[in-house]
Amino acid sequence: MSRYDPAVIEPKWQAAWDRAGAFTAVRDPSRPKYYVLEMFPYPSGRIHMGHVRNYTMGDVVARYKAACGFSVLHPMGWDAFGMPAENAAMERGGHPRDWTYGNIADMKAQMQPLGLSIDWSREFATCDPEYYGQQQALFIDMLAAGLITRKAAVVNWDPVDMTVLANEQVIDGKGWRSGAAVERRELVQWFFKISDYSEELLSALDGLKDWPEKVRLMQANWIGKSRGLQFAFQTVAAPAGFERLEVYTTRPDTLMGASFAAISPDHPLAKALETDPKVAAFVAECRKGGTSAEEIETAEKIGYDTGIRVRHPLDPAWELPVWIANFILMDYGTGAIFGCPGHDQRDFDFARKYGLPIPPVFVAEGSDEAALTEAFVPMKSEKVRYVRGFAGNAVQTGDEGVAAAIAHAEANGYGKGVTKFRLRDWGLSRQRYWGCPIPVVHCATCGVVPEKKENLPVELPYDVSFDKPGNPLDRHPTWAATACPQCGAPAKRETDTMDTFVDSSWYFARFTAPRAATPTVAEDADYWMNVDQYIGGIEHAILHLLYSRFFARAMVKTGHLPQKAVEPFSALFTQGMVTHEIYRSRDAQGRSVYHLPEDVLRFNIKNEAVAFLKVDHQTDLSELSENQLQDLLLEAAGTPVEIVPSAKMSKSKKNVVDPMNIIASFGADTARWFVMSDSPPERDVEWTSSGAEAAFKHLSRVWSLCDRIGQMPADHKGDGDGDADMAKATARAIDEVTKGIESFAFNKAIASLYAFTNTLSRANASTPVMKEAIRTLARLMSPMTPHLAEEIWAAQGGRGLCAQAPWPKADPALLIDDTVTLPIQINGKRRAEISVPKDMPATQVEKLALADEDVVRFLAGQPVKRIIVVPGRIINVVV
RNA sequence: GCCCGCGUGGUGAAAUGGUAGACACUGGGGACUUAAAAUCCCUUGGCCGCAAGGCCGUGCCGGUUCAACUCCGGCCGCGGGCACCA
């Protein structure tokens with residue numbers, strides 16, 4: 001009997017696929033197409049288990065769809081611009097370009113042994129000038145189409161390094177390198193006008209039927225459409241030009257609960273007041289810290305009473321103080337609010353802190369007015385009783401109250417109902433080197449002028465240094481010097497580069513014609529778009545996917561994509577992470593020390609997991625049995641390590657498993673089989689070494705089963721029903737695996753394959769039926785374990801490559817059982833079961849059930865109140 | 001702080017209103033073996049019981065239903081995102 005040796009068979013079949021050009025995508029109008037895409041990776045240099053899982057999922061779909069007769073496009077590329085390359089250059093020397101291309105080569109070499117059905121001829125990296133040059137062409141067209149603008153934006157400013165920091169570079173309000181307190185500072189930046197599409201991006205979500213509901217919800221909340229009231233307060237004692245203070249509120253029904261007005265520290269009025277040193281000091285205090293919403297919203301709420309007053313719109317005699325407050329965002333609404341502490345927790349906390357009144361506007365229906373200990377914020381759909389209402393009924397829902405308040409304001413001319421969106425324009429300027437240069441020129445006479453398309457790409461210079469902080473492009477001696485594309489006078493290039501989200505917002509379109517001299521080619525985009533199945537991490541649920549949806553619209557508008565591609569991803573699947581338990585010990589100071597799984601010996605004693613460090617043993621551990629090892633370790637009391645529950649694999653916790661080690665020990669098919677089995681793909685999967693071994697054992701069992709069937713005498717006859725049973729089991733396996741793959745329930749498809757393999761290995765059917773069954777098994781396994789499937793296919797007389805064989809079809813007649821087993825519940829608890837013909841009428845089933853001896857015993861003569869028969873499902877007897 | 005998820009045996013999970021624990025891992029027992037490894041077979045939610053069988057059980061509390069892991073309300077815990085990480 002031969003041994004299952006993936007190291008031999010895997011390279012062999014990969015070479016065979018290559019020779020056959022099995023995965024080269026060809027535009028074939030006679031066949032339906034299928035475009036499957038996994039989110040392309042950042043080239044960190046090492047693939048990890050998350051990549052293996054992501055690409056295996058895509059590969060299962062790609063191979064399955066190819067078997068179903070589709071012309072499949074399954075490309076791969078590299079999201080290659082970004083900060084890590086610059087950080088590496090700063091920390092270790094070298095150049096971002098060399099670092100990146102080196103990593104791409106390393107990662108590609110690690111991906112190839114997985115046997116993925118990728119069309120590598122379409123590969124590109126976003127840092128290829130060929131790619132980003134086309135991105136610059138897109139930018140120029142978008143600029144001409146009015147989709148891009150320039151305005152001020154707030155950035156994290158490191159006052160010591162004199163540079164802009166990314167949010168992740170701001171740690172506890174301090175710059176990660178300098179340690180200096182970060183400030184918020186305004187800078188003029190380029191923006192994509194994504195907010196022009198707010199309504200469109202929101203309403204089109206309804207059409208994305210094959211997207212997870214949670215992603216659509218997150219995007220809808222992010223876009224944040226709200227209906228509210230905008231009105232102006234008349235100010236008292238405000239500087240000239242600030243006679244009115246515009247505010248926006250989504251709860252105008254709480255207007256009578258106003259106890260103060262508050263403006264953002266970035267509000268023009270706050271700026272006007274900065275001539276007062278006390279205001280200037282307060283505003284400076286507010287600007288400390290980073291720009292992230294998390295940081296701003298969790299910071300302690302502080303305020304400054306400006307001394308200015310505003311008149312309440314419903315009672316000019318009623319004056320409210322105007323505060324500057326750090327939690328008011330200039331980007332949202334008008335940058336000014338009225339505070340209603342009774343019904344907003346932030347306003348409540350603020351009012352408490354500064355001793356402002358907290359009047360309730362409404363109370364729960366049936367309650368009386370009482371002093372509040374926290375803000376009362378019921379759902380807007382809930383009915384409440386207004387004790388300080390001014391519009392609509394005394395008892396009404398919040399929604400009704402809001403509508404009535406807007407109507408009241410409009411009728412009385414002090415405000416109007418407006419719709420606002422939370423979505424802001426997309427700032428794309430980055431003051432960094434390793435990104436796509438923004439293709440514009442600043443000319444003293446012509447102003448900002450786009451570069452001519454024939455001068456593209458505007459290429460990054462290679463001779464840059466990373467010895468100082470700041471943007472190397474900005475301090476390059478010659479690069480920025482150019483001629484104005486309009487007047488020809490000496491002019492300066494834009495030295496900002498683009499956000500890397502731009503690169504990933506259209507790569508899926510570029511894959512349809514990756515070498516074209518234009519961003520896309522109409523015939524290719526027409527044939528291949530849209531992406532039929534997009535697969536990636538839930539962490540991209542909002543930004544990447546929203547930006548791509550915007551870009552698709554922009555590309556339609558500028559003629560680079562057909563109208564049908566406005567929603568570029570027809571179906572989306574978000575997969576979970578790969579996790580691993582963590583091994584931790586403590587050093588002399590009690591600090592955590594983490595250990596790699598490969599340095600730890602882990603086993604179970606009576607279902608109790610224990611782990612020890614593999615250290616300092618003179619004996620060669622590999623020669624000992626597990627029992628001997630247990631004895632040895634327990635006796636020697638090797639350093640025990642604590643097993644910490646699983647978390648996402650990360651370098652800092654050292655809970656990483658290198659896919660290359662797994663492939664070296666067990667082969668790619670085992671790694672692929674394991675990541676697809678057990679856990680549902682949208683959930684996190686726990687990597688366990690025992691699980692990987694079990695996967696390998698199972699594949700070895702399939703291998704020896706194939707061997708055994710191959711050696712069966714040709715004239716072997718099975719048991720009486722052996723052939724019929726095998727045919728039924730085969731049909732069921734085809735049906736279940738097909739449904740599993742179609743519904744992204746790969747774990748269930750694999751469970752069916754386990755069951756089918758068990759049936760097959762215990763079956764006694766005739767030789768031709770057994771051979772047919774194992775060929776079907778090979779076909780069904782091939783999306784998950786393509787190399788093993790080819791080997792079995794070839795051994796059992798399959799024609800051509802398994803990878804190019806059609807998907808098996810189940811005979812529907814074999815899927816139907818003649819009799820069904822019906823559980824019988826008494827008062828909802830299962831007490832008995834009966835077997836009946838599948839189409840027996842309910843009345844007859846009822847009689848049979850009540851006559852069942854277990855049922856009679858349980859009922860013990862009690863009268864039956866009701867009996868429910870769900871055909872083919874269950875019977876419930878109520879007494 | 002805000003938005004979105006998730007929570008079922010010792011473990012990964014299955015069941016999406018209808019028999020809770022399919023399929024696996026681990027553990028326990030057995031066969032084979034001089035012995036071990038490998039392989040194969042049986043068993044494996046908890047409690048009570050000699051057994052037949054019974055009771056309990058899907059993070060916690062409450063509700064809807066003939067019937068709830070599944071739907072609704074509230075809480076707890078964990079994870080993802082929050083616009084310059086990708």
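Quick note on labels: first sequence line is chain A, next is B, and so on, each numbered from 1.
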Students often get this wrong, so: under 4.0 angstrom with heavy atoms, is A/Trp426 touching a base, only sugar-phosphate, or nothing? nothing

Output the single nucleotide from B/G1, B/U39, B/C66 whose closest atom is nearest the side chain of A/Thr298. B/G1

Nearest-0.5 Å distance that lies between atom CG in A/Asp425 and atom CH2 in A/Trp190: 13.5 Å

Quick one: classify the glycosidic conformation of B/G10 as syn or anti, with syn meaning within 90° of 0. anti

P spacing across the pair B/A35 / B/A52, given as an integer number of angstrom: 35 Å

What interatomic distance, in whole Å, is found between P of B/C41 and the corresponding atom of B/G46? 23 Å

Picking from B/G12, B/C85, B/A24, the nucleotide nearest the side-chain atoms of A/Ser679 would be B/G12

Which nucleotide, B/C4, B/A83, B/C82, lies nearest any side-chain atom of A/Asn167? B/A83

Using atom C1' in both nucleotides, what's the gap between B/C23 and B/U8 to the nearest angstrom? 16 Å

Applying the 3.5 Å cut-off to both distances, the Watson-Crick or G-U partner of B/G12 turns out to be B/C23

Using Watson-Crick geometry (N1-N3 plus N6-O4 or O6-N4) or G-U wobble (N1-O2, O6-N3), each under 3.5 Å, B/G53 is paired with B/C48

Only counting residues at least two apart or in another chain, list the ones meeting side chain to side chain donor-acceptor pair (under 3.5 Å) with A/Asn764. A/His716, A/Asp719

If you measure from the C1' atom in B/C76 to the same atom in B/C61, how many Å do you get, rounded? 10 Å

Just checking A/Phe501 against A/His544, ring centres under 6.0 Å apart? no

Write down the partner of B/G1 under the Watson-Crick or G-U wobble criteria, each distance required to be under 3.5 Å. B/C82

Kindly point out which of B/C82, B/G18, B/U39 is positioned nearest to the side chain of A/Ala293? B/C82

Per atom distances to the A/Asn221 side chain, the nearest of B/G5, B/G54, B/C3 is B/C3

Do A/Tyr534 and A/Phe508 have their ring centres less than 6.0 Å from each other? no

Between B/G7, B/G54, B/A83, which nucleotide gets closest to the side-chain atoms of A/Arg424? B/A83

Given that both distances must come in under 3.5 Å, which nucleotide forms a Watson-Crick or G-U wobble pair with B/C6? B/G77

Stepwise, does the salt bridge (charged side-chain N to carboxylate O under 4.0 Å, His left out) test hold for A/Lys353 with A/Glu300? CA-CA 11 Å; A/Lys353 178 165 180 173; A/Glu300 201 198 334; 2.6 Å; yes

Considering only side-chain heavy atoms of A/Asn758, which listed nucleotide, B/A86, B/U19, B/C23, is closest? B/C23

